[in-house]
Amino acid sequence: MIDPEEYTELVLRCAESVPPGRVTTYGAIAVAVGDVVGGGGPRQVGNVMARHGGPVPWWRVVRSDGTLPSSHQGEALARYREEGTPLKESGVRTRVDLGAAFAEPSLR
DNA sequence: AATATGACTGTCT
DNA sequence: AAGACAGCCATAT
């Protein structure tokens with residue numbers, strides 16, 4: 001296993017690297033970060049966001065299907081409208097249009 | 001050391 | 001389209 005601080009830092013950096021109006025997924029970050037430090041899965045990324053996601057634009061990190069984390073979807077939706085993130089609306093449910101908004105996370 | 005839990009994901013029903 | 005189930009991996013108790 002790697003140094004937790006290192007892992008956290010990389011994950012947060014990926015989140016910050018996502019430009020306004022774009023999003024990335026937990027899985028993508030897990031791969032990008034895991035590519036460097038190894039190990040880790042989407043859950044670990046989510047865990048890091050939960051504990052240290054305060055100061056970063058966590059709303060630009062979504063689930064693989066474009067829906068938002070169980071909480072915060074209301075919060076995030078406001079941000080998306082603010083930033084002009086491509087949204088796809090299926091009836092009452094609103095989600096991010098991954099096809100248009102997905103951005104590959106970079107370790108900058 | 002063992003069990004439970006989580007800002008996840010993919011598949012099947 | 002929406003819910004159930006099962007993997008996966010690190011942390012917490």
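Chain letters run A, B, ... following the sequence lines, proteins first and then strands; every chain starts at 1.
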Closer than 4.0 angstrom, basic N to acidic O: yes or no for Glu16(A) and Arg60(A)?
no
In this structure, how many angstroms lie between the P atom of dA7(B) and the CZ atom of Arg43(A), rounded?
9 Å
5' precedence on DNA chain B between Gly27(A) and Asn47(A) (nearest-nucleotide basis)
Asn47(A)
Nearest-nucleotide 5' precedence on DNA chain C, Val92(A) against Pro4(A):
Val92(A)
Would the base of dA7(B) count as contacting Tyr26(A) through its side chain, where contact means a donor and an acceptor less than 3.5 Å apart?
yes
Please tell me which of Arg93(A) and Gln44(A) maps to the more 5' nucleotide of DNA chain C, matching each residue to the nucleotide holding its nearest heavy atom.
Arg93(A)
Under 4.0 Å between a side-chain N/O of Arg63(A) and OP1 or OP2 of dG10(B), yes or no?
no
Ile2(A) has an atom CD1; how far is it from atom P of dT11(C), in whole Å?
8 Å
Look at atom CZ of Arg108(A) and say whether more than 12 heavy atoms of other residues, nucleotides or ligands are closer to it than 6.0 Å.
yes
Rounded to whole Å, CZ of Arg51(A) lies from C1' of dG6(B) at a distance of 11 Å
Whole angstrom value for the distance that separates P of dG6(B) from NE2 of His72(A):
14 Å
I need the CD-P distance between Glu5(A) and dT11(C), as an integer number of Å.
12 Å
Counting only side-chain N and O atoms of Arg60(A), is one of them less than 4.0 Å from OP1 or OP2 of dA7(B)?
no
Can you check whether Thr25(A) has a side-chain N or O nearer than 4.0 Å to OP1 or OP2 of dC8(B)?
no
For residues Gln73(A) and Trp59(A), is any side-chain donor paired with an opposing acceptor at under 3.5 Å?
no
Round to a whole Å and report the spacing from CE of Met49(A) to P of dC9(C).
21 Å
Whole-Å distance between dT9(B) P and Leu68(A) CG?
11 Å
Salt-bridge criterion met for Glu83(A) and Arg79(A) (N-O under 4.0 Å)
no
Close side-chain approach of Met49(A) and Val56(A), heavy atoms under 4.5 Å:
yes
